[in-house]
Structure formats: C-alpha cells, structure tokens
Number of protein chains: 2
Amino acid sequence: MFNPDEQIFADRMMDLPRSFVREILEVATQPNMISFAGGLPNKNLFPVEALRLATEKIFEEKDPNIFQYASSEGFMPLRRQIADRYAKKGMKDVKAENILITSGSQQAFDLVVKAFINEGDKIILEEPTYLGAIQAFSLFNPTYVTVPLQEDGPDTAAMEQALSQGAKLLYLIPNFQNPSGTTTSAAKRKAIADLVRKTNTVILEDDPYGELSFSDTPFSPVRSYLPEQTILLGSFSKVAVPAFRIGWMVLPDYVKAKILVAKEAADLHTNTFTQRIIHNFLTDNDLDAHIARITARYKSQKEAMIKAIAEHFPKEVSTTNPLGGMFLWASMPKEVPALKLFEAGVQDGVCIVPGNPFYAKKYHTDEITTMRLCYASMDEPTIEEGIKRLGKAMQRMIAHAR
Amino acid sequence: MFNPDEQIFADRMMDLPRSFVREILEVATQPNMISFAGGLPNKNLFPVEALRLATEKIFEEKDPNIFQYASSEGFMPLRRQIADRYAKKGMKDVKAENILITSGSQQAFDLVVKAFINEGDKIILEEPTYLGAIQAFSLFNPTYVTVPLQEDGPDTAAMEQALSQGAKLLYLIPNFQNPSGTTTSAAKRKAIADLVRKTNTVILEDDPYGELSFSDTPFSPVRSYLPEQTILLGSFSKVAVPAFRIGWMVLPDYVKAKILVAKEAADLHTNTFTQRIIHNFLTDNDLDAHIARITARYKSQKEAMIKAIAEHFPKEVSTTNPLGGMFLWASMPKEVPALKLFEAGVQDGVCIVPGNPFYAKKYHTDEITTMRLCYASMDEPTIEEGIKRLGKAMQRMIAHAR
C-alpha cells in the first residue's frame, strides 16, 4: 500500500533548511509591516513605460516565429548586447557565443552545481554568503568550506588554505556582496585569481549588483584576472525588472557544452518574449542613464539608513557601509540573537533577515547576532521609521538581558 | 596548474548522449529543408493579436508590483483558471493551491527527478518515450525500467512486472504520446492505476497534448483514478505559445513542499509577466474555441500525412494513426535503419527524428528502425512533398540493400 512518507523522496530533500525567504516574505506582507527583509528592488524605479514601448515593437514585427520554441543558448541579439556592454567596460574577450541566457541568475546556480558537483565535492563559500546560492547548491549535497569575509573581501590566508583542500568551485560575490554589502578590493581580487590559477578550482563569480555602484570607480571582475577559470553571472533583475527572469552566464569554452545540456534539460530555453523586450529596451534606451537614476536613489536611501542607525540603534551595534548594491550588514551584541530580534521586530512592525540562513554551517542557533538590512525597496522616511522600530526592539532585548 | 579536463565536472555529465534535438534543429534550418523533426506547433495558429491585447491590459494597470519578484508557486489568478478548467472537465478535486506554475513542462521533469531520485533509483518509462524527459531524468543517474507501448498503451503485464521491482516514479504520456502518437485506453488507465495503488511508486503523468484531440470523446487522466499518487503536468506551449514558457504541475499535498524548495532553488519563480498575459488571454478569450481551430488544422495535416504515406512509402512501412496531438510514429523494415534514413533524408531535403533518442537504453545503433514524424508544423502541400522525398530516400535504401 502506498505510504507517502519521506522514503519516497530523494535523500537530497531530507535535511534541507526550511526556506527563510518564503517565511519572511509572508510576514513581510502583513499590514503596516516595514520590511528590510526582501531583496526587492525599488519598484518605483522600474522603467515601465520604456518596457511598454519595447513590448509594442515586438507585436509590430508581426512575425509568429517570435512566439515559437527557440534555442537553449538564448536570443543572439541580446547576447551580443551583453557582450558589447562588457567590451565597453574593458572586457573585450567576452564573446556573444560564450553568453548563455538563464531564467534569472538563480538558474545559473542550479546549472553550475549540476554540471560540476558530485555528492561530497567541495564548494568554497564566502562567510556569510547569498542564501539562494546555498539553497541551490545544497540540493546536490556538496561539502562546504567557508572563508571569512573581511572589510575588503575574503580572508586570503583562509582562502589559500581552503583552496589547498581541492574544491571544485569557489563562489564569490565581489561587488556589494549579498548579504554583507562588502566589496572585495582590487588587490584581493588579483590575489584570489593568483591563488586559484594554481588549482583545478573554477570560480563562480556572481555579479547581480556590480552596476549599482555609488561611485565612478568600478572594480574589474575577478574574471578579468582569470577568464579561463571563471564563470561570470549577470542579471537584468536589478537594473531593469525581476519579473522577466532574465539573467546570463559568461562561460569558458570547455564549460559551455556541459551547461547547455543541463540548460536544455532544465527548461529547454529561457522565455524568449521577455528576452526580446529587454533587447528592444536596451536598443532604444540608455541603460546607463537608467542605472544612474537607480543608484542615486539607493545611495540616498542607504545614507538615510546609516544616519537612522546612528541615531536609533544601541551603540554596540556596528554595520557595514556599502559602496553600492542593496544591502548592509549589522552585527549586534550577544544579547541580541538575530532570530530573536526577527521575532521582536515583527511585534514592532519591522521585518529583517536574521544572519542565520547566510551561513552554510551554523543554522538555527542563537550564536548568530548578525542581520541583513535591505535599503533598496523603500523611501527615506519609511527607512527611518523602520530603523527606529528596530532600535526599540533591540533596546528592549538588551534591557531584558541585563 | 589548471587542467580543464573531464574531471572538473560531475560524473552525471560524463555519459550523456549528445543532444539529438539540437543537432537536428540545426539541420532543419537549412534552406529548402522540409522538417518533420522538431516538435513545433504550427506558428500560424498562435493567437498573436489576442496576446497583444492581453499584454496591453497589463501595462494599463500601471502597477509596478507586476514587475517585482513574486511567489515561487506562481500567479494565483492563473492557477485558479487552470483549476477551473480541470473542474469543467470533471476533475473537481484539483485545487489552485496544489497547482505550481513551472517554466515550461520541461522544468517539471527536472524538479520531480530532483525531489524523488537518488542515483540508481528506478524510473519506469514507456518505450519509446519523450526524449526531453529522458534527458532531464538522466542527469540524476536513475535506473530505467522500460515497458513496451502497444496500440492501446503500455503492456500491462510488463507494467506489473516493472512495478514489482520497486520504482520511485512511473512516467506516462497517456494522450497522443510523444513520440508514438499512441493513446492509452480507458481500460488500461484504470488497470495501471490499480497496479500502482498497491505500490510506493508515484505516477508522473505528462499531458501537453491532451487538449489537442481530434474527436469529442476525451479520456480521463490516469490521475482521476489515483489522485493521491499522481503528479499531473500541463502546458500552454501547445494551446497558446511556447515562447512564454508556462507549464504547470498538479501536486498531491505531501509532494508540494518538496517541489517548492526545488522550484525556489531552480529559478525563484516563473516569469510573472507572461503568466499574467496568459491569465488575461484566458479571461478575454475562449480557449476552447482556439483549441478547436488548432485541432481542426492538425487533423487535416495528419490526414494529409497518412494519405501521402500510403502513396509514397514502401509497403513494408507501418505507422500509427493518432487520435490527436502532433506526432506519428513509423516502423520501417530492417533495410532502413533510422539513423541512416535521417542522413539519406537530409540529402533529399527532408528531416526526421530517428527513433533512437526515444529509447532510454538502445542508443546509436542501427537496430532502431522507427522514426517520429511531426505533422503539426506545416501545411498539407508541404507535408505531401516532404513525405514524397522521404519515400524516395527509403526506396533507395531498400533497393541498395537488396
């Protein structure tokens, strides 16, 4: 007789952490809740009118082939535009043929781990790192080796030690890291590339936020130091819209065929209709001008958050001060475990992501006293009010503990 | 030093068959090639104008939330419409909450195999079966147990024997099967459900073609006999457009949480923009009337193919005569190995899919003398010309062999 107990599922589904993201997003939709939890771009900056025009153009072509099945690699004119943008930034060796369009950057994690990882193979992670990547990787039961993040990027001594253990992949987010907001210095990028060059490890460089820089001094991706050993990821979710689910991978030649097999098996190809909308949008608009509008707003929002934190958080709390992107990272005193702060904050109408899910190894413990705050989603007065509520919750926890 | 040899990849990537689909689609785009190879819907039947209006409505809402990140389950109003369609067909127990939107039906294969299959676990397949499912399954190194397809569906004695081996999954395409065009009889559907009920196997019922019936007598899905042990798949690719990549799964409660974790890790969520277009399209149009237009054309195209085959193929060739869907299946004499016919056909300007990739176990051998012919993609005169060319290639091969 059928018994739908756990044994019908694969082992990989057994020990999975429950999804913090999903639970938190549910809480975050409660009325009057101010949420710093989601990694949501500010919706008021979506280029909706430009996308409307870009969409109209598709229908004006009156070509039914637009709606047909298409190639697994993605829409070639869009891949050329992506290659051109890299060339403008000095990465002239990125060819359109080596760009594969993915269903959001998230899909790239699944495809890469599928192509590279046998059960138990090592993946090196920055600590903390993006929880969505941890979720995708964990389905393939890797062994994680973690390297602490410092103010200027991963600890290189720990990195050398980690690499000496023979990892298949090294996952990096050098620009405005999620969750920490940290940016890896140019010196460390080069140092990491030099270390990896001596190994058989492949770098998975995730760069969804790189274009959201608050200054005019861009860093070269790690890939520019070690192109043959790096898979570079990009996305239109943060610079255009997330709903279209258009990301991409820059793949070394020897990786491309494998990833293509995995991509074809995963969903045949990414939505070509929205690929074409993005293509028209890039053709008819100045993406850099649009990005400048986004970063001006996010910079102002970040500064409002930093200012409110100085005013309302207990003195013992320290935070990063990101040079771009959407997130900052706060470290609390031991009286403020992040999971408890999450619960206390919800009572006061404010929602955060506790640091816990960003650590591959220490899950669900009260040792973790860090949290991620997203300043991208809302305007400055709301940010100030939310930080005030959060500060009150922290003060209460500290008073109670002492 | 870095050495990009095979050892950097996962074992699962080693023995993969090369992708027939990709190679054949390349051949199929040669000028003057008549291609029966691709599984492409007839592009002239895409409801482009209705989709244009459905898209305009989205922009008229002027709600930026439409373009934001969204839930992994999918757009609830679309899920309700899908549940309502099932209810109209007598499946009143399908709740919107149990429908998960996928990035095409193809993604469902990846999510299900990920959630259920450890290396070596058994999957029962009809023989032949859909090559895209085989591709997705094979990345997780299952053991295949095959059950021969007969005119009225899988051989039930072989099915009983296969089920007794303790399979995790049973993959079925009961309606107008890809590649064979076979429809499983109502009696066999019930018999299979009765056999599976005694086991711990879960049925994966794939139904992308079920609505493309040439008659008014629909069959109940296998799910209707055994809902608690069946995952049912559907898709808008064949009844609306493939480019939008919108499919769905109907999931028993105990499966949903696992699949949702896998879905979130795979791509966070399916493109919500095109989910909303389909929702508006369903709201403002009569999908059944649109489907009736498609099936009237496909029926006429199929009849043209059957007639041309009777005229131009050697007498020794037999074919199925599908009751719906897009494909028929031809069995040739031993002088016509399918792989050689593929090559011979290309010389004469006609392209087919040899049967080989539809068998999980017998790949790249000249034992296989079957092929799939798609009659959906083109008009009747082109079908007749293509069949004529193919007949000539076969006659030549037979003459040469004798």
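In what follows, every chain begins at residue 1, and chains take the letters A, B, ... in the order their sequences are listed.
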- Query: Which region of V113(B), side chain (C-beta onward) or backbone (N, CA, C, O), has a non-hydrogen atom less than 4.5 Å from a non-hydrogen atom of chain A, or is it both or neither?
  - Reply: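 For V113(B), backbone heavy atoms alone lie under 4.5 Å from chain A.
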- Query: Can you say whether T270(B) sits under 4.5 Å from chain A via the side chain, the backbone, both, or neither, judging by heavy atoms?
  - Reply: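 The backbone, not the side chain.
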Do you know which of [options] has the most heavy-atom pairs under 4.5 Å to chain A?
options                           : value
Q275(B), K238(B), R276(B), K62(B) : K238(B)
S103(B), A115(B), P41(B)          : A115(B)
L40(B), V48(B), D110(B), T272(B)  : L40(B)
D267(B), T201(B), T55(B)          : D267(B)
E56(B), E49(B), K114(B), R197(B)  : K114(B)
Q68(B), Q106(B), Q107(B)          : Q68(B)

Which bit of [X] is near chain B, if near means a heavy-atom gap under 4.5 Å: side chain, backbone, both or neither?
X       : answer
V202(A) : side chain
L268(A) : both
F46(A)  : side chain
S105(A) : neither
L260(A) : both

- Query: Where do F273(B) and I277(A) come nearest, in terms of heavy atoms and distance?
  - Reply: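 Scanning both residues completely, I find the closest heavy atoms to be CE2-CD1, 3.5 Å.
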- Of all heavy-atom pairs between K256(B) and L251(B), which one has the smallest distance, and what is that distance?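 Residues K256(B) and L251(B), closest heavy atoms: CA-CD1, 4.0 Å.
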- Query: Can you find a pair of side-chain heavy atoms, one from Y130(B) and one from P208(B), that are under 4.5 Å apart?
  - Reply: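 The answer is no, as the side chains (C-beta and beyond) never meet within the 4.5 Å cut-off.
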- Task: Would you please classify the geometry between the H279(B) ring and the F75(B) ring as parallel, tilted or perpendicular, with 30° and 60° separating the classes?
- Result: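 Perpendicular.
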- Checking N141(A) side chain against G120(A) main chain: does a donor-acceptor pair fall under 3.5 Å?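 No.
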- Among all residues two or more places apart in sequence or in another chain, which pass the salt bridge (Lys or Arg N to Asp or Glu O under 4.0 Å) test with D206(A)?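 D206(A) satisfies salt bridge (Lys or Arg N to Asp or Glu O under 4.0 Å) with no other residue.
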- Of all residues at least two apart in sequence or in a different chain, which pass the side-chain hydrogen bond (donor to acceptor under 3.5 Å, both in side chains) check with D379(B)?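 Residues passing side-chain hydrogen bond (donor to acceptor under 3.5 Å, both in side chains) with D379(B): T382(B).
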- Message: With chain B as the partner, which of L51(A), D121(A), L45(A), N44(A) has the greatest number of non-hydrogen pairs under 4.5 Å?
- Response: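 Going by pairs under 4.5 Å, I would pick L51(A).
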- Message: Centre-to-centre under 6.0 Å for F140(B) and F109(B), is that the case here?
- Response: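 F140(B) vs F109(B): aromatic centres not under 6.0 Å.
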- Message: Looking at F116(A), I'd like to know if the NZ or CZ of K168(A) sits under 6.0 Å from its six-membered ring centre while staying within 45 degrees of the ring's axis.
- Response: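 No, K168(A) and F116(A) do not form such a contact.
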